[in-house]
Amino acid sequence: MDGYSWVHRVDDVNLEELAHLYRVAPLGNKSPQALATVFGNSMFVCFVYSDGALVGAGRALADGVDCAYIGDVAVHPDHQGRGLGSAIMRRLVELADGHKKIILYANPGTEDFYGRLGFLRMKTAMGIWSDPGRAIEIGLLSGEHSQE
Ligand SMILES: CC(C)(COP(=O)(O)OP(=O)(O)OC[C@H]1O[C@@H](n2cnc3c(N)ncnc32)[C@H](O)[C@@H]1OP(=O)(O)O)[C@@H](O)C(=O)NCCC(=O)NCCS
């Protein structure tokens, strides 16, 4: 994609600017300290700049062989709808190539976006959330142990 430059090291990123990107995307309030930890612990990281401004990001937490989990993919609203989110996803999938499984969970409403990138629905995915009430409210968790 023309006009965008890519960075793959969190050390080169201003974490206040990254927190701002997630606020406006919007993908929630993430503190610079928390972002330093989660990106620092992720095997693959992706940051995209346009005219010196951070406009896209994403990461994959991976063990190098079995499983890679993609998360925190966001694009600045001024740059959404131009293919950048898809490009970040394709780059992370490419970086995680060779893992037996690459997984994610989608924000409700974004399932088609990931489906077009080759992700299939997982029939038995389950999770333990620190705040299940909120996750149930926004449609991420069903609140049931078994399939409805
Ligand atoms: C989701 C997100 C990363 C997509 O980035 P983007 O740069 O706009 O994506 P693209 O331009 O590559 O869009 C690819 C396609 O997905 C669709 N799409 C984009 N965002 C979507 C959304 N939130 N819901 C449903 N479809 C979406 C686009 O319409 C486009 O479809 P098209 O090719 O038929 O026109 C971006 O909208 C975003 O940051 N949203 C807020 C944060 C978020 O929800 N992140 C995902 C967490 S699971």
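Since the model is a prediction, treat every value here as computed from it, not as a measurement. One-based numbering, in listed order, for ligands and for the atoms of each.
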(request) Do me a favour and list the nearest non-hydrogen protein atom to atom 46 (C) of ligand 1 with residue, atom name and distance? (result) Tyr114 OH, 3.3 Å
(request) Report the distance from atom CG of Leu92 to atom CD1 of Ile102, rounding to the nearest 0.5 Å. (result) 9.5 Å
(request) Please round to the nearest 0.5 Å and tell me the distance separating atom CZ of Phe44 and atom CD1 of Ile70. (result) 10.0 Å
(message) Below 4.0 Å from ligand 1: does a non-hydrogen atom of Pro26 turn up there or not?
(response) yes
(message) Please check whether Ala106 reaches ligand 1 - meaning an N/O of the residue sits under 3.5 Å from an N/O of the ligand, judged on distance alone.
(response) no
(request) Supply the atom-to-atom distance Leu21 CG to Leu15 CG, rounded to the nearest 0.5 angstrom. (result) 12.0 Å
(request) Flag atom 20 (N) of ligand 1 as yes if some protein heavy-atom distance to it falls below 4.0 Å, otherwise no. (result) no
(message) With the threshold set strictly below 4.0 angstrom, can you tell me whether any protein non-hydrogen atom sits that near atom 35 (O) of ligand 1?
(response) no
(request) If you have a sec, work out which protein heavy atom is nearest atom 45 (N) of ligand 1 and how many Å separate them, to one decimal? (result) Val73 O, 2.9 Å
Output side-chain donor-acceptor pairs under 3.5 Å for residues 109-121, partner residues at least two apart or in another chain, one line each.
from, atom 1, to, atom 2, distance (Å)
Thr110, OG1, Asn107, N, 3.2
Thr110, OG1, Asn107, O, 2.6
Glu111, OE1, Gly109, N, 2.7

(request) Could you tell me whether Lys100 atom NZ has more than 12 heavy atoms of other residues or ligands within 6.0 Å of it? (result) no
(request) Considering heavy atoms of the protein only, find what lies nearest to atom 7 (O) of ligand 1 and give residue, atom and distance to 0.1 Å. (result) Gly85 N, 2.7 Å
(message) Using a 3.5 Å cut-off on N or O atoms only, is Ala25 in polar contact with ligand 1?
(response) no
(request) Determine whether any heavy atom of Asp112 lies closer than 4.0 Å to an atom of ligand 1. (result) no
(request) Starting from atom 14 (C) of ligand 1, locate the nearest protein heavy atom and write down its residue, its atom name and how far away it is, to 0.1 Å. (result) Ser86 OG, 3.4 Å
(message) If hydrophobic clusters are built from ILVMFWY residues whose side chains come within less than 4.5 Å, do Phe39 and Val73 share one?
(response) no
(message) So, taking the atom named CG in Leu61 and the one named CD1 in Ile103, what distance separates them when rounded to the nearest 0.5 Å?
(response) 9.5 Å
(message) Please report whether ligand 1 has a polar contact with Thr110, defined as an N or O pair separated by less than 3.5 Å (distance criterion only).
(response) no
(message) Please list the nearest protein heavy atom to atom 26 (N) of ligand 1 with its residue and the distance rounded to 0.1 Å.
(response) Gly109 O, 4.1 Å
(request) Verify the contact flag for atom 17 (C) of ligand 1, where contact means a protein heavy atom under 4.0 Å away. (result) yes
(request) Determine, counting only non-hydrogen atoms of the protein, whether one lies under 4.0 angstrom from atom 24 (N) of ligand 1. (result) yes
(message) Considering both backbone and side-chain atoms of Asn107, is one of its nitrogen or oxygen atoms within less than 3.5 Å of a nitrogen or oxygen in ligand 1?
(response) yes
(request) Just jot down the ligand 1 atoms closer than 4.0 angstrom to any heavy atom of Ala74, in number order. (result) 39 (O)
(request) Could you walk me through whether Leu84 and Gln80 pass the side chain to side chain contact (heavy atoms under 4.5 Å, CB included) test, one step at a time? (result) CA-CA 7 Å; Leu84 188 53; Gln80 289 179 10; over 6 Å; no
(message) Side-chain heavy atoms nearer than 4.5 Å, only ILVMFWY residues, links allowed to pass through others: does that put Tyr22 and Val10 together?
(response) yes
(message) According to ring pair (Phe, Tyr, Trp, His ring centres under 6.0 Å), who are the partners of His79, at least two apart in sequence or on a separate chain?
(response) Tyr4
(message) Does ligand 1 come near enough to Leu27 that some N or O of the ligand is less than 3.5 Å from an N or O of the residue?
(response) no
(message) For a quick test of reading the model, state the closest non-hydrogen atom pair linking His99 to Ala62 and the distance between them.
(response) NE2-CB, 3.5 Å
(request) For Asp131, look at atom CG and say whether over 12 heavy atoms of other residues, nucleotides or ligands are found less than 6.0 Å away. (result) yes
(request) Would you check whether Arg116 has a nitrogen or oxygen atom less than 3.5 angstrom from a nitrogen or oxygen atom of ligand 1? (result) yes
(request) Do me a favour and list the nearest non-hydrogen protein atom to atom 39 (O) of ligand 1 with residue, atom name and distance? (result) Val75 N, 2.8 Å
(request) Check each heavy atom of Tyr22 against ligand 1 and say whether those closer than 4.0 Å belong to the side chain, the backbone, both or neither. (result) neither
(message) Hydrophobic clustering (ILVMFWY, side-chain heavy atoms < 4.5 Å, transitive) - are Val38 and Tyr69 grouped together?
(response) no
(request) Please state whether Met89 comes within less than 4.0 angstrom of ligand 1, counting heavy atoms only. (result) no
(message) Can you name the atoms of ligand 1, numbered from 1 with element, that are less than 4.0 Å from a heavy atom of Arg82?
(response) 11 (O)
(message) Among all protein heavy atoms in this structure, tell me which lies nearest to atom 9 (O) of ligand 1, with the distance rounded to 0.1 Å.
(response) Phe113 CE1, 3.6 Å
(message) Return the closest protein heavy atom for atom 38 (C) of ligand 1 as residue, atom name and distance.
(response) Gln80 NE2, 3.4 Å
(request) Would you check whether Gly83 has a nitrogen or oxygen atom less than 3.5 angstrom from a nitrogen or oxygen atom of ligand 1? (result) yes
(message) Using a 3.5 Å cut-off on N or O atoms only, is Gly81 in polar contact with ligand 1?
(response) yes
(request) Would you verify that at least one protein heavy atom lies under 4.0 Å from atom 43 (C) of ligand 1, or report that none does? (result) yes
(message) As an exercise, state the distance from CZ of Arg91 to CE of Met1, rounded to the nearest 0.5 Å.
(response) 11.0 Å
(message) Let me confirm one number: the CG-OG distance from Asp78 to Ser50, rounded to the nearest 0.5 Å.
(response) 9.5 Å
(message) Are Tyr105 and Met122 linked, directly or through intermediate hydrophobic residues, by side-chain heavy-atom contacts shorter than 4.5 Å (ILVMFWY only)?
(response) yes
